[in-house]
**Q** 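Structure below; questions to follow.
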Amino acid sequence: MRTVRRLRRSELPADTVALARYLIGKTLSHDAPEGRTSGRIVETEAYVVGDAAAHAFRGQTARNRSLFLRRGHAYVYFIYGNHYCLNVSCLPDGTPGAVLFRALEPLVGIERMAVARGALIANSKQLKLLTSGPGRMAQAFGVTRERDNGKDFFDTKSDLIIVDDGHRVRKIEATPRIGITKAADLPWRYLVHGNLFVSR
DNA sequence: ATATCGATTATCT
DNA sequence: GATAATCGATATG
């Protein structure tokens with residue numbers, strides 16, 4: 001009998017980069033009014049204190065204020081006039097650190113993800129396009145700033161949670177982060193080696 | 001297969 | 001006014 005359980009806030013690694021690695025292989029689950037979607041976390045990135053690539057680098061603003069919430073809160077931002085991206089805050093109240101969820105392997109609610117993405121699932125290539133990338137997975141899961149920014153992943157009533165379903169990843173790989181211009185050389189992107197749903 | 005570019009808007013300079 | 005933690009479309013080899 002395999003154990004499936006929600007993660008507890010107290011078990012999260014204290015360090016942002018360690019948390020990015022820790023979350024690989026866990027499951028993100030969203031209980032939306034339309035139904036449940038869940039997926040295996042296969043790609044993350046860490047954004048740390050003093051990081052020139054981090055949204056909090058120049059201090060707290062209206063946009064990034066949920067980065068400063070106690071670890072375990074959702075930071076959802078809107079980018080390029082098109083896309084939402086989902087993060088989890090990592091550090092004690094008042095200190096900004098985040099892990100960006102970049103890609104998921106769909107597990108539950110695949111048909112709803114396709115509807116949300118306005119896509120078909122005729123083959124594995126198109127299946128990959130559901131959740132491979134931060135904007136795509138947010139859209140597939142119905143995550144928006146209006147609905148989800150500031151949510152606590154670890155509140156007992158939260159509809160956005162992180163689960164350990166007992167799955168263990170064979171090999172976790174670290175690479176430089178994607179899509180940034182500053183501090184682009186640091187290897188703070190984590191992914192499941194060889195997984196189809198990793199972006200790029 | 002890789003390269004380049006336009007979309008579209010909140011946010012900050 | 002410029003930029004952005006992206007995506008999808010188009011062009012070219």
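What you see below is based on every heavy atom in this structure, not just the backbone, and it leaves out hydrogens, waters and symmetry mates. In the text below, chain A, chain B and the rest are named by the order of the sequence lines, each starting its count at 1.
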**Q** Give the table of side-chain donor-acceptor pairs shorter than 3.5 Å for residues 12-25 of chain A, with sequence neighbours excluded, one pair per line with atom names and distance.
**A**
| unit_1 | atom_1 | unit_2 | atom_2 | d |
| --- | --- | --- | --- | --- |
| D15(A) | OD2 | V17(A) | N | 3.1 |
| D15(A) | OD2 | A18(A) | N | 2.9 |
| Y22(A) | OH | E11(A) | OE2 | 2.7 |

**Q** Is there a continuous path of hydrophobic side-chain contacts, each under 4.5 Å between heavy atoms, that joins I121(A) to L129(A)?
**A**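 Hydrophobic grouping puts I121(A) apart from L129(A).
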
**Q** Strictly below 4.0 Å, heavy-atom distances to any atom of DNA chain C: list the hits from residues 181-200 of chain A, or just say none.
**A**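 Residues of residues 181-200 of chain A under 4.0 Å from DNA chain C: T181(A).
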
**Q** Is atom CZ of R5(A) surrounded by more than 12 heavy atoms (other residues, nucleotides or ligands) closer than 6.0 Å?
**A**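 Check passes, neighbour count above 12.
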
**Q** At under 4.0 Å between heavy atoms, which parts of nucleotides 2-13 of chain B does protein reach? Answer with one letter per nucleotide, 5' to 3': B base, S sugar-phosphate only, - none.
**A** -----BBBSSSS

**Q** Kindly say whether F153(A) contributes a backbone atom to a donor-acceptor pair with the side chain of R9(A) at under 3.5 angstrom?
**A**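 A pair under 3.5 Å: no.
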
**Q** Quick one: does any side-chain atom of S89(A) pair with a main-chain N or O of L69(A) as donor and acceptor, under 3.5 Å?
**A**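 Yes, because the side chain of S89(A) sits within donor-acceptor range (under 3.5 Å) of the backbone of L69(A).
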
**Q** Show every donor-acceptor pair shorter than 3.5 Å between a side-chain atom in residues 52-63 of chain A and any protein atom, with sequence neighbours excluded, or say none if there are none.
**A**
| unit_1 | atom_1 | unit_2 | atom_2 | d |
| --- | --- | --- | --- | --- |
| H55(A) | ND1 | Y75(A) | OH | 2.8 |
| T61(A) | OG1 | R63(A) | N | 3.3 |
| T61(A) | OG1 | N64(A) | N | 3.3 |

**Q** Below 4.5 Å, heavy atoms only, C-beta onward: do V108(A) and S29(A) meet side chain to side chain?
**A**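 V108(A) vs S29(A): side chains apart.
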
**Q** Remember a base hit wins even if backbone is also touched, and classify I180(A) as base, sugar-phosphate or nothing at under 4.0 Å, heavy atoms.
**A**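 Answer is sugar-phosphate: I180(A) comes under 4.0 Å of backbone atoms only.
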
**Q** Show me, pair by pair, the donor-acceptor contacts under 3.5 angstrom made by side chains of residues 160-168 of chain A, not counting sequence neighbours?
**A**
| unit_1 | atom_1 | unit_2 | atom_2 | d |
| --- | --- | --- | --- | --- |
| D164(A) | OD1 | G166(A) | N | 2.8 |
| D164(A) | OD1 | R168(A) | NH1 | 3.4 |
| D164(A) | OD2 | R168(A) | NH2 | 3.4 |
| D165(A) | OD1 | R40(A) | NH1 | 2.9 |
| D165(A) | OD1 | H167(A) | N | 3.0 |
| D165(A) | OD2 | R40(A) | NH1 | 2.9 |
| D165(A) | OD2 | R40(A) | NH2 | 3.1 |

**Q** By the salt bridge (Lys or Arg N to Asp or Glu O under 4.0 Å) test, which pairs, at least two apart or in different chains, include something from residues 94-111 of chain A?
**A**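 Only E43(A)-R102(A), E45(A)-R102(A) qualify under salt bridge (Lys or Arg N to Asp or Glu O under 4.0 Å).
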
**Q** R145(A): what forms a salt bridge (Lys or Arg N to Asp or Glu O under 4.0 Å) with it, not counting sequence neighbours?
**A**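 None.
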
**Q** F154(A): what forms a ring pair (Phe, Tyr, Trp, His ring centres under 6.0 Å) with it, not counting sequence neighbours?
**A**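 By the ring pair (Phe, Tyr, Trp, His ring centres under 6.0 Å) rule, F154(A) matches no residue at all.
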
**Q** Hey, does E173(A) have a side-chain heavy atom less than 4.5 Å from the side chain of N195(A)?
**A**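 Side chain of N195(A) against side chain of E173(A), heavy atoms only: no contact under 4.5 Å found.
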
**Q** Listed in order of residue number, which residues of residues 104-132 of chain A have a non-hydrogen atom at under 4.0 Å from DNA chain C?
**A**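 Nucleic-acid contacts, sorted: R117(A).
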
**Q** So that I can compare with my own list, what are the stems of DNA chain C, taken as at least three consecutive Watson-Crick or G-U pairs with distances under 3.5 Å?
**A**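 Ordered by first number, the stems with DNA chain C (at least 3 consecutive pairs each) read B:1-7 with C:6-12, B:9-12 with C:1-4.
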
**Q** Side-chain contact test, heavy atoms from C-beta onward, threshold under 4.5 Å: evaluate it for L100(A) versus Y77(A) and give yes or no.
**A**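 L100(A) reaches Y77(A) side chain to side chain.
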
**Q** Under the rule for ring pair (Phe, Tyr, Trp, His ring centres under 6.0 Å), what residues qualify as partners of Y84(A), not counting sequence neighbours?
**A**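 Ring pair (Phe, Tyr, Trp, His ring centres under 6.0 Å) check on Y84(A) returns F78(A).
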
**Q** Are side-chain heavy atoms of M137(A) and S199(A) found at a separation under 4.5 Å?
**A**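 The answer is no, as the side chains (C-beta and beyond) never meet within the 4.5 Å cut-off.
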
**Q** Mind checking which nucleotides bracket the chain A contacts on DNA chain C, 5' to 3', with an atom under 4.0 Å from a heavy atom?
**A**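 The protein-touched segment is dA4(C) to dG8(C).
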
